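Model, not experiment: these values are computed from the prediction. A, B, ... follow the sequence lines: proteins, then strands. Residue 1 opens every chain.
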Amino acid sequence: MSLSRFLAAALASTLYVGSAAAQTLLNVSYDPTRELYSEFNAAFNKHWQAAGNQPVTIQQSHGGSGKQARAVIDGLRADVVTLALAGDIDELHKLGKLIPEDWQSRLPESSTPYTSTIVFLVRKGNPEGIKDWDDLVKPGVEVITPNPKTSGGARWNFLAAWAYAQQKYGSEEKAQEFVEKLYKNVPVLDTGARGSTITFVNNGIGDVLLAWENEAFLALKEEGGDNFEIVAPSLSILAEPPVAVVDKNVERKGTRELANAYLNYLYSDEGQRIAAKHFYRPRNQEVAAEFAKQFPQLKLVTIDKDFAGWKTAQPKFFNDGGIFDQIYLGE
Amino acid sequence: MTSTTLTAGDISAARRGSPAGRILLILGAYLAFALFLLLPLLVVLSEALKLGLGTFFSALLEADAISALKLTLLAVGISVPLNLVFGVAAAWCVSKYEFRGKSILVTLIDLPFSVSPVIAGLIYVLLFGAQGFFGEVLEKYDIQIIFALPGIVLATIFVTVPFVARELIPLMQEQGSQEEEAARLLGASGWQMFWHVTLPNIKWGLIYGVVLCTARAMGEFGAVSVVSGHIRGYTNTLPLHVEILYNEYNHVAAFSVASLLLGLALIILLLKQWSESRINRLRHTAEEE
Amino acid sequence: MSRRTSPVIPGFGLTLGYTLVYLSLLVLIPLGAMFVHAAQLTWAEFWTIISAPRVVAALKLSFGTAFVAALINGLIGTLLAWALVRYSFPGRKVIDAMIDLPFALPTAVAGIALTALYAPNGMVGQIAAWLGFKIAYTPLGITLALTFVTLPFVVRTIQPVLADIPREVEEAAACLGAKPFQVVRHVLLPALLPAWLTGFALAFARGVGEYGSVIFIAGNMPMKTEILPLLIMVKLDQYDYHGATAIGVLMLVVSFILLLLINLLQRRIQTP
């Protein structure tokens, strides 16, 4: 009896996932994009139907970027992934053989429809007087940032701090010392960017949150501007969260056309405006100009120019035995 | 995990003893109860109702919350009956017969109880994940286990395997087999004996085990989190939905859904208390005879 | 009660077979898969993984906080069990019923509730902050979360034993001139100890593996407040399946040993 029930359940759920009458699209994304994609999905659905198609059901899944990539590799049937950094999507090729190696060249702007950067969120009135990266390593200042091992945003945070120290103090050794001091000031290391924001905003821990720019703006919006303010450091990093169609899954589900249309729509004027509205920096220059006032002007380093790309940066800094481990285990 | 309700005689006997010590101990019990149990409960309710009943109910009636509730009920509805049948079978062979390796079997039945829920999730990923042992076969036939209902059900079953068996084994051992033997000698078939003799005897213990099993199945977080895939509206159970809301600045909604789970937990406690009192009443009547 | 083989009672093959098949399919084979996966490692590799400083720190933290939480429950649980069994007072039935709340309450709910309570801006957290210490995001917070989750174990294992000790024995001892502490030492302690240890071990085993209630309150700092189950998750999220399974195997072996101990203890209770 139990076996037949079991099979029935298994069968029911394959139907459950696979064969709903309308097409479904699963977007597996990272933590801070929840609000962005809720709005974008509705807009895309309208656009898709206006082009004479059946309405689609768009499903969302969010979590730490590395965790999400792992779930897709383990069989979560994402039609598209929209993750925090290229390094995580590379794993879909390396470990899962789900996408070709040159996935980043298939869409414009290295497959990154919007960008962001890393800024500081401080408590109202900036009681610790935090203006730049140097203020984060002062004794007694508590810095909140997630764990670079599991969070994409945290890796951008780490590299932004590193880039600043290396430019200011001139060597890798000095940069490592600087970053080590910074992480000594971190009292809570959450697994994802959103967890860190909750820790800082809701649970009242820390003096400064290193955050995605969009995440910092969202926190201001959600919690009201009365409790926090944003501080832009003198130098930061151009954070590039890329997107990709997961070939193996769209082939199986027959959703390639839909998935392509979905990602392409991110580059449309409306898609760019929605991204800007949610405080992602649009790639489209015209849309960017419309929203120029919203984003502080920053000097930005890039992952490809200053760190020789994720393929070099990931093992050097974040894999087991990398610089982040040396910093933590050196204590 | 069984508790005992006392007879009036026990309690009046207990009234003796030094009054100062007694008052101190009772106060201590009140304090421990208030600090460790009441306070967390009140926090959930107060956070949920912070913005009034309107927000509270809209959080519960939101589409994702309802689909999470449905999924939770479905997972409970599949895993609890399976574990119920297993519990009866396991308790039957353990309590009615002697055989070699019995104590190992009992330990194995208990095993999931002390395995970390994260491991419970991990093992199913290792088995049914795309990179796992059966990954290729499942892929070939396009069957999805993890990140879909079967995975969630499997993880739920794993963590709740021992509950019914654990309640029934001591109860059935205590009751012995005389009544069943008598029924057999009077010509009852195996099934007749089970339905008319055994089942009425273990009824309340069974309900008690099912209640505990349901509670754990409903609330499982770690194991389900590993195999869920977190597709909102599709593979999120209620506890996972709570986490998501909590991570969305939706503090009040998170605690509203949490208080729904708290309400279910309190109902479960009531059911448990009721079935327990029935067990004790049966025990006492048995002793008086 | 005597247990004996009853040839007249049918169903041995059926029930034993079903039990074994069910258990194998759902529990043993999946767990075995973890061992098979871990067996791809050599001993040296396995040892390197589990002796890495971060793993050792998590190991100490998980076992340390679970031990302290079980100990706290050993005290509070005994107190609660004693008061519930020996005295009648207003609200006794309600408290008795509510003891099981941590079993019935989903751990995630416990997690966010305790974090709201003990975070520096929470009800209790504010008092702690005023006194100059932190609860949430420290091992203390983890210990408190584990204490909550495992609270019922000691109470529920001690209660029936305590109720079964005839008052006459204590009274007789007292009449014969035994001082209260002698009554405790020579009468109560020997009777209660096996049950107490069982409750303690159950709470400990559950505490080591607990995940849902802890991650919200722990702070998750490597080397400081990162528990073993979380480390498994972290390894998994880094595509480090070997690391995850190696730690999983370690935890499993430890919990199996604990469970064997518990069952031995329980047998001692049942056959005094």
Rounded to the nearest 0.5 Å, the CH2 atom of Trp310(A) sits from the CG atom of Leu85(A) at a distance of 4.5 Å
Proximity breakdown for Leu236(C) and chain A, heavy-atom pairs closer than 4.5 Å
both
Under 4.5 Å to a heavy atom of chain A? For Tyr241(C) that would be side chain
Please look at Ile73(A) and chain C and tell me whether the side chain, the backbone, both or neither of the residue comes under 4.5 angstrom of a heavy atom of that chain.
side chain
Side chain, backbone, both or neither: which part of Asp88(A) has an atom under 4.5 Å from a heavy atom of chain C?
both
Side chains of Asn27(A) and Gln59(A): do they bring a donor and an acceptor to under 3.5 Å?
no
For residues Gln60(A) and Ser29(A), is any side-chain donor paired with an opposing acceptor at under 3.5 Å?
no
One option among Ala218(C), Pro53(C), Pro120(C) has the most heavy-atom pairs under 4.5 Å with chain A, and it is Pro120(C)
Phe158(A) vs Phe324(A) aromatic rings, parallel, tilted or perpendicular, using cut-offs 30° and 60°?
perpendicular
Between Gly204(A), Gly64(A), Gly66(A), the one whose heavy-atom pairs under 4.5 Å with chain C are most numerous:
Gly66(A)
On the ring face of Phe200(A), is Arg123(A) found with NZ or CZ under 6.0 Å from the centre and within 45° of the axis?
yes
